[in-house]
2 protein chains.
Amino acid sequence: MNSKTSTEKVKTAQRKEIGRQAQKSASTRKIIVEAALSCIAKYGYAGTTTPIIANEAGVSRGAMMHHFNNRSAVIGAAIEYLHEKRLRAFKRAIAALPKDKLQLHDGLKAYWKHVTHPLYVVFHELAVASRTDKGLAKILQPAQAAFYDEWYNLSYDLFPQWRSNTDALELAMDLVNTTLEGVAIRHLSIPEDIERETRLFNYLEECLSALKPKL
Amino acid sequence: MNSKTSTEKVKTAQRKEIGRQAQKSASTRKIIVEAALSCIAKYGYAGTTTPIIANEAGVSRGAMMHHFNNRSAVIGAAIEYLHEKRLRAFKRAIAALPKDKLQLHDGLKAYWKHVTHPLYVVFHELAVASRTDKGLAKILQPAQAAFYDEWYNLSYDLFPQWRSNTDALELAMDLVNTTLEGVAIRHLSIPEDIERETRLFNYLEECLSALKPKL
DNA sequence: AGTAAAAAACAATCGTGTCTGTTTTTTTTA
DNA sequence: TAAAAAAAACAGACACGATTGTTTTTTACT
C-alpha cells in the first residue's frame, strides 16, 4: 500500500511549530521541484529523468525518492509549483500597472511578457507531452484551466469598459491569447524577428482599440 | 564508419530498371515511414520507439533496421516524407481554389484546414522535440523554413492586389499564421469551442479585408 | 548459386522502482 | 534531564524491463 503520501508527511510535520527536520524537508523538496522545472526547460519532458533531476538538484536519487514516491509525483509537484509561480508573477505584473488610467497597451504587454517568460516554454512542453500522456494531462489540465479562468477574471476586473459587451471581451482575449502564444511558440523553431513582431504587436493593439466598446 | 546510407542503397538498386525487389524495398520503406508518422501522432516523439514503429508497420524490427541504419534515419525519412506530403496537400488545396475571383476567405480557410490537419500535430510535436534535440533540429529546420517560404510565395502569387504593399502582406500573413497556429495548438490541451473559434475566424477575415491594399 | 530481404538473437546501456543500511532529528520514557 | 526508542532524511546498490545498435541466421528472389 501507499501508506501516507509525501504531502501528508509534510502536513503532520508542520503542525505545532516548524521543526528543523520539517524545514529541511520543505527545503529539499523545493530544490528538487525547481530542479525538475529547470530540467524540463533544458532537456525537455522526455529527457527529464530521475537521475538527471537528482543530479541537477544536487541530491542523491535515493533522497529524492524518499520525498517523492515516483517520477510522476515529482512532475506533479513541479506543475503545482509552476502554476502558482506563473500565476503569482502574472498577478504581480498586473498589480504594478496604473489602476486609474490603465491602457490596453499595458495589459497586452503584461501578457506578452508572461508568454515570453522562460517558464512558459516549460508549460508548453508539458502541454505537448500531455497530449499523449493521459496521466500527465490529468495533472496539467486543472492548472491550465485555472490560469485561463484567472486571466479572464482579471481582465474583466481591470477593464470595466468592456463589461457592456462580454462577447467583444471574449473575442479580444481570444485574439490576444492565440496570437501571442502563436508568436511565442514560433520562437521555438524560428529565430525571432523583432521588427516583424513589434509590427504585429502594434497591429494587435489597434485591433483592440477598435474592438473596445464605446461608452 | 557508416558505410553507405540506406538512401544510397536504394539508389543503387534503382539504377537501370526497377526490379521487383527494389519495388518491394521502396514499398516497405514507405510503409515504415508512414508507420513512424502514425506513431508520432499517437504516442508522441519520445514514445515512438523502434519496436513500436516496426510493430505498427507490420514488419520485424530486424527488417526495419535493414532499411534504415538507426532510429534517426527513420525519423529523418519520415520528416522528409511528411514535408513533401504537407506541401503537396497544401498546394493541392490552393490549386482547387477559383483563380479568377479568389477571396481572402478561401485562402484563410485553406490555411486553417492545413493547420487542423492531423499531420500538423506531428510537425508540431517534432518542432517541440527539436528544441532540446539539436540533431532533430538540424533535420527539421530546413523543412520548416522551406514550408514558410513556399507559403509566402504562394500567397504572393495568389493575391496580386497585395503586391503593392508587401509590408501589409507580411503583417497579414504573420497575423494569420500566429493566430491560426495558436488556435490549433490550443486544441492540444483545451477542448475546442467551435463558436468562439468561428467568431475569431470571422474577425480575422475582417482584419484582412481592412488590411488589403485598395487598388 | 548468389544476393537482397527479413527475422531472430545478442550485448550494452539506461531508467525506474525497490530495498537495505547509515546518519540525524524528534519523541518517549525512566 | 538523560538515555532509549522511533521516525525521518539521506545514500548507495540491486533487479527488472525496455530500447538501441549489431550480428547472425533464415527465407525469398533472380
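All values derive from a computational prediction rather than experimental measurement. Each chain gets a letter, A, B and so on, in the order its sequence line appears, and its residues count up from 1.
Contacts classified as salt bridge (charged side-chain N to carboxylate O under 4.0 Å, His left out) and involving residues 79-97 of chain B (residues at least two apart or in different chains) are given here: B/Lys91-B/Glu150. Judged as a salt bridge (charged side-chain N to carboxylate O under 4.0 Å, His left out), not a single pair has a partner in residues 107-123 of chain A (not counting sequence neighbours). Applying the side chain to side chain donor-acceptor pair (under 3.5 Å) test to every pair with at least one member in residues 184-193 of chain A, sequence neighbours left out, gives these pairs: A/Arg186-B/Asp174, A/His187-A/Glu197, A/Ser189-B/Gln144.
Residues satisfying the salt bridge (charged side-chain N to carboxylate O under 4.0 Å, His left out) test with A/Glu181, not counting sequence neighbours, are none.
Across the protein-nucleic acid pair, B/Met64 atom CE and D/dT19 atom P stand 12 Å apart, rounded to whole Å. In this structure, B/Asn55 atom CG and D/dA18 atom P are separated by 14 Å, rounded to whole Å. What separates CE of B/Met65 from P of D/dT20 is a distance of 8 Å, to the nearest Å. Distance B/Asn69 CG to D/dT22 P: 8 Å, rounded to the nearest Å. One interatomic measurement links the two molecules: CD1 of B/Ile32 to C1' of C/dA5, which rounds to 11 Å at whole-angstrom precision. Between A/Arg61 atom CZ and C/dG15 atom P the separation is 10 Å, expressed in whole Å. We find that CD of A/Gln23 is positioned 14 Å from C1' of D/dA9, with the value rounded to whole Å. Between the CZ atom of A/Phe68 and the P atom of C/dT18 there is a distance of 16 Å, given to the nearest Å.
For B/His66, the listed nucleotide lying nearest its side chain is C/dA5; candidates were D/dT20, C/dA5, C/dA6. Considering only the side chain of B/His67, C/dA5 comes nearest among C/dT16, D/dC10, C/dA5. Checking D/dA11, D/dT20, C/dT16 against the side-chain heavy atoms of A/Thr49 singles out C/dT16 as nearest.
The nucleotide D/dA3 finds its pairing partner in C/dT28, both defining distances of the Watson-Crick or G-U wobble pair being shorter than 3.5 Å.
The phosphate of D/dA8 has neither OP1 nor OP2 within less than 4.0 Å of any side-chain N or O from A/Ser25. Of the side-chain N and O atoms in A/Thr50, one or more sit less than 4.0 angstrom from OP1 or OP2 of C/dT16.
Residues from residues 70-77 of chain A with heavy atoms under 4.0 angstrom of DNA chain C, sorted by number: A/Asn70, A/Arg71.
The aromatic rings of A/Trp151 and A/Tyr111 sit parallel, their planes meeting at an angle under 30°, below the 60° perpendicular limit. Using the six-membered ring where Trp is involved, B/His114 and B/Phe147 have ring planes that are parallel, under 30° apart on the 30 and 60° scheme.
Minimum interatomic distance between A/Thr50 and A/Arg61 (heavy atoms only, all atoms of both residues): OG1-NH1, 3.2 Å.
With hydrogens and angles disregarded, a donor-acceptor distance shorter than 3.5 Å links the side chain of A/Arg131 to the backbone of B/Ala41. Not one N or O on the side chain of A/Thr166 forms a donor-acceptor pair closer than 3.5 Å with the backbone of A/Leu169.
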Detail all sub-3.5 Å separations between protein N/O atoms and N/O atoms belonging to nucleotides 21-25 of chain C.
{"unit_1": "C/dT25", "atom_1": "O3'", "unit_2": "A/Gln21", "atom_2": "NE2", "d": "3.4"}

